[in-house]
Number of protein chains: 2
Amino acid sequence: MSPPTPDAPVAVDQLRASVFAALGDVTRLSLVNRLADGQPRSIAQLSEGYPLSRQAITKHLGVLESAGILHRVRSGRQSLYEFDAGPMRDLSSYLEAVSRQWDAALGRLKAYIAENP
Amino acid sequence: MSPPTPDAPVAVDQLRASVFAALGDVTRLSLVNRLADGQPRSIAQLSEGYPLSRQAITKHLGVLESAGILHRVRSGRQSLYEFDAGPMRDLSSYLEAVSRQWDAALGRLKAYIAENP
DNA sequence: GACATAGGCAACCTTTCGGTTGCATAATGA
DNA sequence: TCATTATGCAACCGAAAGGTTGCCTATGTC
């Protein structure tokens, strides 16, 4: 778990950006919230409650799957989607790292001011 | 700090989605990484090192500012951008909440299996 | 005042996104 | 077998994203 540096390998940042982008939509965020209870659901089930066509939901699920947030498992004639916490855990630790970097910088600033009144 | 529920007010989710979306781009992610050291920088400074025009960087900074991740402070003839950790902290706690929900669901599943061998 | 520097504004372009519709196909159940 | 259900595939569409270029304005500097 390397802290974020300006010159970090682009591949890692590219992956992270794709996960962020996948979550950057209210519909997809809502889908993730529903699936985070651990129960896999079919496309038909997931389409209920949205003012969108099944195809639109299918596309959103595809985006989330590409980002690794969901996995698709075929069961008979239906596609079940199940949640994977991995990518979102990675984002969480990344955000924590940035926040810590920020806190440290703030601490140094305060110390500097205290020593140069 | 309410845990994410499927029926959460859309306004909150909309804000979160916009922050996620703002971070869903490698260039913007890189800009954030640079500014997270606490030092405000001008647009000219921030434009260095990218194969993009100054205007492109300006647009990216605008997106980050709209999401509340950066603040703009005019100083003389230059616009300085400074980091604000707030929105990213919110995302972090949101992601943590989802992960905990997931862990709890997994725990219940294991308990169920253990009791029904 | 003359000139260089930093940035804002606006028009324009191409690609991607989010969405729809129509139709084809695979599994199921009566 | 036949109708139904669940999904996949592809074409299409308008709007937004990401980017460029050209020009204008404000602020420093000599």
Side-chain angles (χ1 to χ4, degrees), chain A residues 10 13-35 39-83 87, chain B residues 10 13-35 39-83 87:
Chain A
V10 278
D13 283 331
Q14 178 60 55
L15 276 187
R16 256 200 277 270
S18 74
V19 180
F20 274 124
L23 296 174
D25 178 284
V26 278
T27 302
R28 290 196 290 266
L29 216 44
S30 168
L31 287 168
V32 167
N33 283 342
R34 285 173 65 182
L35 283 165
Q39 184 173 30
R41 291 176 177 79
S42 70
I43 295 180
Q45 279 180 289
L46 290 169
S47 296
E48 293 172 6
Y50 296 98
L52 299 177
S53 69
R54 175 181 53 85
Q55 285 307 319
I57 300 296
T58 298
K59 284 195 185 179
H60 282 304
L61 292 171
V63 172
L64 290 167
E65 190 191 9
S66 296
I69 299 171
L70 301 183
H71 292 151
R72 178 165 59 159
V73 182
R74 288 223 63 153
S75 166
R77 68 178 150 182
Q78 53 191 359
S79 277
L80 301 182
Y81 280 90
E82 59 185 15
F83 181 70
Chain B
V10 279
D13 283 332
Q14 178 59 55
L15 276 186
R16 256 199 278 268
S18 74
V19 180
F20 273 124
L23 296 174
D25 179 284
V26 279
T27 302
R28 291 197 289 267
L29 216 44
S30 168
L31 287 168
V32 167
N33 283 342
R34 285 173 65 180
L35 284 165
Q39 185 174 29
R41 289 176 178 81
S42 71
I43 295 181
Q45 280 179 289
L46 290 169
S47 297
E48 292 171 8
Y50 296 98
L52 298 177
S53 68
R54 174 181 53 85
Q55 286 306 320
I57 300 295
T58 298
K59 285 193 184 180
H60 282 303
L61 292 170
V63 172
L64 290 167
E65 190 192 9
S66 296
I69 299 171
L70 301 183
H71 292 152
R72 177 167 60 158
V73 182
R74 288 224 62 150
S75 166
R77 68 177 150 179
Q78 52 191 1
S79 278
L80 301 182
Y81 280 90
E82 60 187 13
F83 181 69

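Remember, predicted model here, so these are calculated numbers, not experimental data. A note on names: the letters A, B, ... follow the listed sequences, proteins ahead of strands, and every chain is numbered from 1.
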Summary of protein contacts for nucleotides 16-23 of chain D, nucleotide by nucleotide, where a base hit scores B, a sugar-phosphate-only hit scores S (4.0 Å, heavy atoms): --SBBB--

Exam field: side chain B/Arg41 to backbone B/Leu46, donor-acceptor pair closer than 3.5 Å: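 Checked: no pair found.
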
Whether A/Ser30 side chain and A/Val26 backbone form a donor-acceptor pair below 3.5 Å: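 Checking the backbone N and O of A/Val26 against the side chain of A/Ser30, no donor-acceptor pair under 3.5 Å is found.
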
[X] [atom1] to [N] [atom2]: how many Å, rounded?
X	N	atom1	atom2	answer
A/Tyr81	D/dA6	OH	P	16 Å
A/Ile57	C/dG19	CD1	P	8 Å
B/Leu46	C/dG8	CG	P	12 Å
A/Leu23	C/dC17	CG	P	15 Å
B/Leu80	C/dG7	CG	C1'	12 Å
B/Ile43	D/dT27	CD1	P	15 Å

Note, A/Val32 side chain near A/Arg28 side chain (heavy atom, < 4.5 Å):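 No, every pair of side-chain atoms sits at 4.5 Å or beyond.
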
Closest heavy-atom pair and its distance - A/Leu52, A/Ala56: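 Scanning both residues, the minimum pair turns out to be CB-CB, 4.1 Å.
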
How long is the span from the [atom1] atom in [X] to the [atom2] atom in [Y], to the nearest 0.5 Å?
X	Y	atom1	atom2	answer
B/Gln55	B/Ile43	CD	CD1	8.0 Å
B/Phe83	B/Asn33	CZ	CG	9.0 Å
A/Thr58	A/Glu65	OG1	CD	11.0 Å

Selection: residues 66-78 of chain B, any non-hydrogen atom under 4.0 Å of DNA chain C: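 Only B/Arg72, B/Arg74, B/Arg77, B/Gln78 qualify.
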
Under 4.0 angstrom between B/Ser79 side-chain N/O and C/dG8 OP1 or OP2: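 It does, given that an N or O in the side chain of B/Ser79 lies less than 4.0 Å from OP1 or OP2 of C/dG8.
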
Report all side-chain donor-acceptor pairs from residues 66-81 of chain A shorter than 3.5 Å, counting only partners two or more places apart or in another chain.
residue	atom	partner	partner atom	Å
A/Ser66	OG	A/Gly62	O	3.0
A/His71	NE2	A/Asp84	OD2	3.3
A/Arg74	NH2	A/Arg77	O	3.4

